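Predicted model, so just to flag it, every value in this text is computed and none were measured.
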Amino acid sequence: EVDAGGDTHLSTCQGIPGTGYYTANPSITLDLTDMVDPDFRDFEVRLNSSCDTTLLIRDAEGNWYFDDDSGPGLNSRLRISNLAALNGQVSIWVGTYGSDTCDDVDVRIRVRDD
């Protein structure tokens, strides 16, 4: 579980897609290896919360991924299929659509296989 939201609106961060409020530092940082396994299909981050969450991920190659409401209700979910780009440091920010913060956001991270 993590807290969502922050003081910085994403519109002030040049070159990063999406919207919402975040902290400057990632909510979760992963150091991944061996992601290019033929049995792996994609990498998924799913949020579960009572508030309107947003999700921002930067892969190890510097690519940005954003989602607002792809999960159930107002929850966010991202699936990344370019697993080679995940070998290294992957940063995950959990934000909120509005300026209010939200605590106790359940974050589920998994590598989906065939």
Side-chain angles (χ1 to χ4, degrees):
E1 291 187 352
V2 301
D3 294 336
D7 295 332
T8 304
H9 192 273
L10 201 54
S11 65
T12 64
C13 302
Q14 192 172 29
I16 300 176
T19 190
Y21 290 85
Y22 298 86
T23 59
N25 294 321
S27 305
I28 299 170
T29 301
L30 305 170
D31 289 311
L32 302 176
T33 60
D34 300 324
M35 293 300 295
V36 186
D37 183 313
D39 293 332
F40 296 159
R41 183 174 39 156
D42 57 34
F43 174 85
E44 180 181 81
V45 178
R46 179 183 297 209
L47 305 180
N48 186 25
S49 174
S50 61
C51 61
D52 190 357
T53 59
T54 56
L55 181 60
L56 185 66
I57 298 175
R58 184 181 64 211
D59 68 22
E61 294 180 352
N63 301 307
W64 291 97
Y65 306 86
F66 170 81
D67 184 71
D68 182 11
D69 293 332
S70 291
L74 298 175
N75 290 295
S76 301
R77 181 186 69 207
L78 271 171
R79 288 184 183 151
I80 300 172
S81 57
N82 180 8
L83 298 180
L86 298 173
N87 281 311
Q89 189 175 66
V90 175
S91 300
I92 301 169
W93 286 263
V94 178
T96 54
Y97 186 81
S99 60
D100 293 336
T101 58
C102 183
D103 58 2
D104 298 332
V105 177
D106 182 39
V107 179
R108 296 184 185 225
I109 301 169
R110 68 180 183 160
V111 177
R112 295 164 34 105
D113 58 10
D114 290 328

Exercise for review: Show the numbers, then the answer: is there a side chain to side chain contact (heavy atoms under 4.5 Å, CB included) between H9 and T19?
Suggested key: CA-CA 7 Å; H9 192 273; T19 190; 3.3 Å; yes

Check your understanding: Will you find, in the side chains of D68 and Y97, an N or O donor that is under 3.5 Å from an N or O acceptor?
Key -> no

Revision key, fill the gap. Residues G95 and A4: closest non-hydrogen pair is O-CB, 3.7 Å

Practice item. Kindly say whether V94 contributes a backbone atom to a donor-acceptor pair with the side chain of S27 at under 3.5 angstrom? Key: yes

Review point. Quick one: does D42's side chain have a donor or acceptor within less than 3.5 Å of a partner on V111's backbone?
Key: no

Just verifying a value: how many Å separate [X] [atom1] and [Y] [atom2], rounded to the nearest 0.5 Å?
X	Y	atom1	atom2	result
L86	F40	CG	CZ	11.0 Å
F43	I109	CZ	CD1	5.5 Å
R108	E44	CZ	CD	10.5 Å
T33	N87	OG1	CG	7.0 Å
D3	T23	CG	OG1	9.5 Å
W93	I57	CH2	CD1	10.0 Å

**Study point:** Audit row: L30, I92, side chain to side chain contact (heavy atoms under 4.5 Å, CB included) steps and yes/no
**Key:** CA-CA 8 Å; L30 305 170; I92 301 169; 4.1 Å; yes

Review point. Any link between F66 and L47 through a network of hydrophobic side chains (Ile, Leu, Val, Met, Phe, Trp, Tyr) touching at under 4.5 Å?
Key: no

Check your understanding: Is I28 reachable from L10 through a run of I, L, V, M, F, W or Y residues, each pair having side-chain heavy atoms under 4.5 Å apart?
Key -> no

Would you say [X] and [Y] make side-chain contact, with heavy atoms under 4.5 Å?
X	Y	result
C51	L74	no
D52	D69	yes
Q89	T29	yes

**Study point:** Option among V105, V107, L56, D67 that satisfies the side-chain contact (heavy atoms from CB on, under 4.5 Å) test with S76
**Key:** D67

Revision key, fill the gap. Of T96, D7, T54, T8, the one forming a side chain to side chain donor-acceptor pair (under 3.5 Å) with Y22 is T54

